[in-house]
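Read through the structure below, which is laid out as structure tokens, and then see the notes.
All ligand and atom numbering here is 1-based and tracks the order in the structure.
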Amino acid sequence: MHEAETVGRRDVLSGLAIAAGASALAAPDLGPPAVGRAAFLRTRLCTLLGIEVPVIQAPMAGVVTPELVAGVGEAGGLGILPGTGLAPEELRQKIRATRALGPRPFGVNPLLHPGIRRPADPASLPQAAVDAAQGVLNRFRERLGLAPRSTPPPALDTRIDEAIEVVIEERVAVFSIGLGKPEPALVHRFRERGVKLIAMAATPADAVELEAAGVDAIVAQGSEAGGHRSTWIKRPSGEEAAIGTLALVPQVAGAVRVPVIAAGGIMDGRGLLAALALGAEGVLMGTRFIATRESGAPRFYKQALIDGDSDRTTLTDAFTGLWARVLRNEYTEAYRASGAAVLPALLQQALASDVTTAAASRGDGSLFPLYAGQGVGLVDDAGRSARDLVQDVAAEARRRLLALRDAVA
Ligand SMILES: Cc1cc2nc3c(=O)[nH]c(=O)nc-3n(C[C@H](O)[C@H](O)[C@H](O)COP(=O)(O)O)c2cc1C
């Protein structure tokens, strides 16, 4: 196929490897590509994780299903199951359900933010902060026909460490960490079991700390990214730890020796190719996967992504207590305008859960957290399968690379 495309492949890739630093693309063995797979994009990351295409699907609670993870794996990428909010036994069931769908490696991800792992006691919250937050939420409740509330949120499930044990016992291939830095004992336990560790950083300094902690690969999360900003200390404003992907990835790639995975605004093969050129050895994509056939996101959420343009995203801490990028809606704007306090990590989410659950059941995206990155303007359909999406991303990266080769030849 595509005879013209294969001509000179070796030269173009060697050139890219040099441009991106010797470590970025392992000396490419450009033997015949696996059928339907982009063997030519094989990087150190692929070898590390046992995958064929350097595309990772981000863990996304409420969105990612075992079928989505399996579909990404079938195409040669790595799918990651979200673990946050799941009781240990639920997580075990999800892991087993995913494994039953195919033999490909996959990952599991909890959010390891200290505020989530060791949450604050709701009884210790200042009543004035609870009253202010409940005051705004009661306006939303009134609109949704819910009873007003004035009490603090319920205590959070603190069994994250038990969930981590489940991941160890089940011998999942990859443990992926968002919003946290693993302690040496934890790294050691995963190492013993041969589980690979991936952790996400939003600044070069945090990336260096993660490497020193012993992780095997680092996700450099640019500020374009949908969902939570990956820091383990909450910054005073959303403007901090908010470096764009284009500026962040080469800095992280220059600061650490382990493979770097670019995240934030990567939606297609152009993004993958750009990330490789910046020194990354793979990409992690979230927003684009929300709008796939196997995604568990409600229909109104997928439609909001198709309709939404990139100018509509904002950073807010009003949904969960931690900074996250979402589509601006009535909830984000009314909460901000109220000036009301936001409770600490995930206690805010627990306080608002009756509102967001009711909004979801009514298909009302105006009071629901529509997590989305700045690439949202590039989402134009929700019907593609995860497998096709990964294959399309790899094929487009290849096409674009060869077109660039022709343009400079
Ligand atoms: C709906 C949604 C949920 C997310 N949930 C998680 C999560 O549970 N754990 C995590 O490490 N990252 C989570 N993220 C962030 C992703 O890991 C990743 O940084 C981001 O999606 C990349 O940017 P993109 O959305 O522009 O592709 C989430 C992102 C989205 C959009």
Side-chain angles (χ1 to χ4, degrees), residues 55-65 68-69 72 78-86 91 94 107-113 116 160 163 174-182 197-202 206 210 215 218-232 241-246 248-249 261-268 271-272 274-275 280 282-292 295-298 301-302 304-305 308 310 313 315 319-320 322-327 345-346 349 356 360 365 368-379 389 393:
V55 174
I56 302 179
Q57 156 259 304
M60 297 180 282
V63 170
V64 174
T65 59
L68 179 47
V69 172
V72 172
L78 185 86
I80 304 182
L81 276 178
T84 303
L86 293 182
L91 182 58
K94 289 261 187 229
V108 174
N109 166 285
L111 296 176
L112 283 194
H113 192 278
I116 299 175
I160 294 185
V174 176
F175 186 68
S176 129
I177 298 165
L179 285 65
K181 183 173 62 163
L197 282 174
I198 297 178
M200 190 156 68
D206 281 1
L210 288 174
V215 305
I218 290 172
V219 180
Q221 187 202 42
S223 63
E224 296 93 321
H228 286 102
R229 304 298 310 134
S230 192
T231 61
W232 47 90
I243 305 163
T245 306
L246 197 68
L248 180 66
V249 171
I261 301 153
I266 294 158
M267 308 299 284
D268 52 30
L272 170 56
V283 294
L284 178 126
M285 297 166 57
T287 301
R288 186 62 192 83
F289 279 104
I290 303 172
T292 55
S295 147
Y301 186 178
K302 292 181 179 178
L305 295 191
S310 294
T313 75
L315 283 168
F319 280 113
T320 64
L322 294 170
W323 296 110
R325 188 173 293 285
V326 298
L327 291 182
L346 298 205
Q349 176 171 280
T356 54
F368 182 83
L370 299 164
Y371 296 110
Q374 289 179 338
V376 65
L378 292 165
V379 177
L389 176 60
V393 167

Look at the side chain of Tyr301 and the backbone N and O of Tyr371, then say whether any donor-acceptor pair between them is shorter than 3.5 Å. yes
Should Gln221 be counted as touching ligand 1, given the test is an N or O pair under 3.5 Å? yes
Backbone or side chain, does any N or O of Ile177 fall under 3.5 Å from an N or O of ligand 1? no
In ligand 1, which numbered atoms sit nearer than 4.0 Å to a non-hydrogen atom of Met200? 11 (O), 12 (N), 17 (O), 19 (O)
Determine whether a donor-acceptor pair (N or O, by modelled atom type, separation under 3.5 Å) exists between the side chain of Ser230 and the backbone of Leu179. yes
Out of Gly227, Ala220, Pro59, Ala58, indicate the one that has the non-hydrogen atom closest to atom 13 (C) of ligand 1. Pro59
Treating Lys302 as the side-chain partner and Thr292 as the backbone partner, does any N or O pair qualify as donor plus acceptor under 3.5 Å? yes
Which of the numbered atoms in ligand 1 are below 4.0 angstrom from a heavy atom of Tyr301? 1 (C)
Tell me, which protein residue and heavy-atom name are nearest atom 9 (N) of ligand 1, and how many Å apart are they? Asn109 OD1, 3.0 Å
Looking at ligand 1, does any of its N/O atoms fall within less than 3.5 Å of an N/O of Gly373? no
Do Arg229 side-chain atoms and Gly222 backbone N/O form a donor-acceptor pair below 3.5 Å? yes
Which atoms of ligand 1 sit under 4.0 Å from any heavy atom of Gly178? 11 (O)
Please name the pair of heavy atoms, one in Ser295 and one in Leu68, separated by the smallest distance, quoted to 0.1 Å. CA-CD2, 4.1 Å
Are Arg288 and Asp268 side-chain neighbours, meaning at least one heavy-atom pair lies under 4.5 Å? no
Could you tell me the residue and atom name of the protein heavy atom closest to atom 2 (C) of ligand 1, and the distance to it rounded to 0.1 Å? Met60 CG, 3.5 Å
How far is atom 27 (O) of ligand 1 from its nearest protein heavy atom, and which residue and atom is that? Gly286 N, 2.8 Å
Over 12 non-hydrogen atoms of neighbours within 6.0 angstrom of CG in Leu246: no
Going by the order shown, which atoms of ligand 1 are within less than 4.0 Å of some heavy atom of Leu111? 7 (C), 9 (N), 10 (C), 11 (O)
The answer for which part of Thr287 has a heavy atom under 4.0 Å from ligand 1 is both
Is the side chain of Gln221 donor-acceptor paired with the backbone N or O of Met200 at a distance under 3.5 Å, no angle test? no
Give a yes/no on ligand 1: does Met285 have at least one heavy atom closer than 4.0 angstrom to it? yes
Any N or O on Tyr371 sitting closer than 3.5 Å to an N or O of ligand 1? no
Minimal non-hydrogen separation, Ala58 against Val64, with atom names: O-CG2, 3.5 Å
What's the shortest distance from atom 26 (O) of ligand 1 to any protein heavy atom, and which residue and atom give it? Gly265 N, 2.8 Å
Counting heavy atoms only, which of Ala199, Ser176, Gly226 comes nearest to atom 31 (C) of ligand 1? Gly226
Region of Phe289 engaging ligand 1 - heavy atom pairs below 4.0 Å: neither
I need the atoms of ligand 1 closer than 4.0 Å to a non-hydrogen atom of Gly264, numbered in the order shown. 22 (C), 23 (O), 26 (O)
Nearest to atom 18 (C) of ligand 1, what protein heavy atom do you find, and at what distance? Leu284 CD2, 3.5 Å
Between Thr245 and Glu224, is a side chain to side chain donor-acceptor pair (under 3.5 Å) present by the stated rule, with each step listed? CA-CA 7 Å; Thr245 306; Glu224 296 93 321; 2.8 Å; yes
Check each of Pro82, Ala61, Ala225, Gly271 against atom 22 (C) of ligand 1 and report the one with the nearest heavy atom. Ala225
Spell out, as yes or no, whether a donor-acceptor pair under 3.5 Å connects the side chain of Ser310 to the backbone of Gly377. yes
Check for a donor-acceptor pair, side chain of Asn109 on one end and backbone N or O of Ser176 on the other, with a separation under 3.5 Å. yes
